[in-house]
Structure formats: C-alpha cells, structure tokens
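Here the structure comes first, spelled out in structure tokens, and everything after it is commentary.
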Amino acid sequence: NVPGGKFEIIRGEMTSTTNISEQNLNEFRELIEQRSGIRFDSSRERFFSTRIREHVQAKGLAGPADLMPLLLSSNVEYEALLQRMLTHETSFFRYPSAFEALKKRVLPEVYARKLWAKPRKLRIWSAGCSTGEEPYSIAITLAESPSFATGWETEILATDISRQAIARASQAIYSQRSVANMTPQQIDAFFTRSAGQYELKQAVRSKVSFVVMNLVQCLYLGRMDCIFCMNVLIYFSDEKREHLIRCFYDCLEPGGYLMLGHSDSLGNIPTKFEKIVFEDFMLYLKPGGETANISSRSQA
C-alpha cells in the first residue's frame with residue numbers, strides 16, 4: 001500500500017502504473033461508512049487498499065476512479081465491494097468460553113426466571129452472524145440443555161449485513177475446518193456427512209431465522225434474553241458503537257445478557273450494563289432480573 005502509488009492492469013494482473021490516490025481511498029471509505037456504518041481506519045489501511053485494488057482488477061476496470069460511478073449506480077455493485085471487504089472467518093463454537101457462559105450462567109437464569117411464565121419463551125439474537133456458525137452453535141447448545149427440551153418456545157434470530165453470508169448460512173453446509181472445535185459425538189448428532197462436507201440436520205436449522213440487517217439501522221426486534229455480538233463493534237465509529245449498545249440495552253429483557261467478543265469493549269460508553277465475570281469470560285447484564293444471583297459485578 002503506497003498512497004499515490006501507481007498500478008496497471010496487464011493481462012488481468014495489476015502492476016505499478018495506474019494511479020490509486022489517497023483521495024480515491026477516502027471516497028471509498030466515506031461511502032462504506034455512510035451506507036453501512038463500517039469504518040476502515042488507519043489501522044487497516046493496507047488491508048483496505050489491497051481489497052480495493054483486488055476489486056478493481058476483478059471488475060476489469062482501468063483504475064479505482066472508474067469504480068465509484070459503478071458503486072453509486074448499483075446496489076448490487078456496492079454489495080459486491082462490501083462483501084470483499086468483510087471478513088467471514090468463523091467456526092462452530094469459535095469462542096468456547098462464551099458458550100460455557102451461555103450454558104452454565106445465562107440459560108439456568110432464564111429457566112429460573114421464566115419457569116412459571118405462560119408461555120415460556122427464550123429468545124436469543126446473533127447480531128453479525130456471518131455464515132451461520134455462531135447461531136447454529138447457540139441452537140446446538142440449546143439442544144444439549146434438557147431444561148429447554150419441552151414446554152418452551154425458543155427463537156434464535158440471526159442477522160448480518162451481507163446477503164451472501166446469509167445465503168451461505170441458510171444452506172447450512174460446512175467444511176471440516178468449520179466443525180474442528182466440535183466433538184465427534186456432536187458432529188454425529190447434529191450433522192450428516194457427504195463428500196467431505198457437513199450438513200446440519202433440519203432439527204437444528206429450524207431453530208434459527210436469518211435476516212439481512214444493517215446494525216447501524218438497528219430496529220427494535222422485541223425483547224431478547226441474550227444477544228451475541230462477537231467482534232463486531234470494532235468496525236464502527238464511537239458514535240455508531242454507542243448507538244448500537246443502546247439499541248442492545250433496549251432490546252434485552254431485564255436480567256438479559258449481552259455477549260461481546262474479546263476484541264470488543266464498551267470503553268467509555270455510558271451504559272447501565274453491569275459487568276459479570278464468569279470463569280474467563282466477560283458478560284454484560286441488564287439489571288432487573290428477579291432471579292439473577294450475581295456473585296461478581298461492577299458498574300460498566
């Protein structure tokens with residue numbers, strides 16, 4: 001990445017003679033942030049410029065200046081660029097400590113709090129679900145929890161800005177790499193194998209509803225008992241991050257939990273969440289759940 005450097009497309013390869021200026025890159029950054037809220041700051045400068053060059057090459061354009069009119073004229077073209085920019089590297093149970101907290105902390109509290117409710121409902125939102133491994137891991141965790149086997153209405157809502165990622169998630173077919181964190185018993189119980197691929201069984205797939213959604217335009221989706229938003233906040237500006245955290249707070253039931261990734265932080269955002277340390281994982285509790293038995297808490 002060299003601002004103002006030169007690149008040239010020769011036989012489908014980009015070499016050093018066509019201009020790519022800092023102004024070009026800034027225009028692309030501003031467009032992406034304006035439409036999606038995703039911010040590519042200076043820490044990802046090399047990644048950003050490389051992906052722009054790759055996209056210009058893939059489209060067979062003379063240079064980056066020819067890409068902007070294309071993006072402005074077509075939502076399909078804009079989404080194609082955004083897809084190239086987004087990282088969908090994930091796997092089932094990618095963060096084991098988060099699922100241990102779900103299994104041993106969150107679900108028992110929900111069960112105790114809603115045991116006598118009519119109807120008994122459990123709702124979990126996977127915000128930024130990528131290609132589906134996270135919400136399906138949530139569904140598997142529920143399937144392995146006998147308390148929720150009968151008598152409960154369970155719903156897992158999974159949202160992502162990428163239509164392509166949602167389409168792949170809906171297919172529910174994965175590689176061996178995606179299931180590497182699972183036990184052989186889990187794989188046998190929840191997948192069918194064919195030609196080196198792993199397809200989720202319908203009993204798990206039916207528990208998850210996928211929706212294309214831009215988190216910057218966060219809508220009220222009804223009350224949730226738990227929200228997963230793992231390593232997503234790092235892509236937003238401080239202002240949009242604060243807006244999203246407030247949206248999550250409003251969506252949660254009293255006593256509900258927000259689960260963030262290790263790369264995320266509430267930072268200096270003023271919230272009423274309480275920090276809960278469970279083993280080696282940090283959860284964020286919305287106060288008010290009558291049955292919450294909190295042993296370690298501090299004001300977030």
[X] atom [atom1], neighbour heavy-atom count above 12 within 6.0 Å:
X	atom1	result
K103	NZ	no
R223	CZ	yes
E239	CD	no

Distance (rounded to the nearest 0.5 Å) between M230 CE and C129 SG: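 Between M230 CE and C129 SG, I get 13.5 Å after rounding to 0.5 Å.
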Interatomic spacing from NZ in K272 to CZ in R246 - rounded to 0.5 Å: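 K272 atom NZ to R246 atom CZ measures 9.0 Å (nearest 0.5 Å).
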Check: [X] side chain, [Y] main-chain N or O, donor-acceptor pair, under 3.5 Å:
X	Y	answer
S74	L70	no
D160	S130	yes
R120	G151	yes

Non-neighbouring partners of C251 that pass disulfide bond (SG atoms under 2.5 Å apart), sequence neighbours left out: none
Check: Y284 ring centroid to Y257 ring centroid under 6.0 Å: no
Where L122 and D225 come nearest, the two heavy atoms and their spacing: CA-OD2, 3.3 Å
Answer yes or no: is there a side-chain heavy-atom contact under 4.5 Å between [X] and [Y]?
X	Y	answer
L157	T159	yes
Y174	Q197	no
N231	L260	no
W152	T150	no
K286	E274	no
M68	L72	yes

Stacked cation flag R205 on Y136, 6.0 angstrom / 45 deg: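 Not satisfied by the 6.0 Å and 45° rule.
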Exercise: do E133 and T131 side chains pair donor with acceptor under 3.5 Å: yes
Flag for Q186-E144: side-chain donor and acceptor within less than 3.5 Å: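 Yes, side-chain donor-acceptor contact under 3.5 Å.
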For S137, side-chain contact (heavy atoms from CB on, under 4.5 Å) partners two or more places apart: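 Only F92, F93, F99 meet the side-chain contact (heavy atoms from CB on, under 4.5 Å) criterion with S137.
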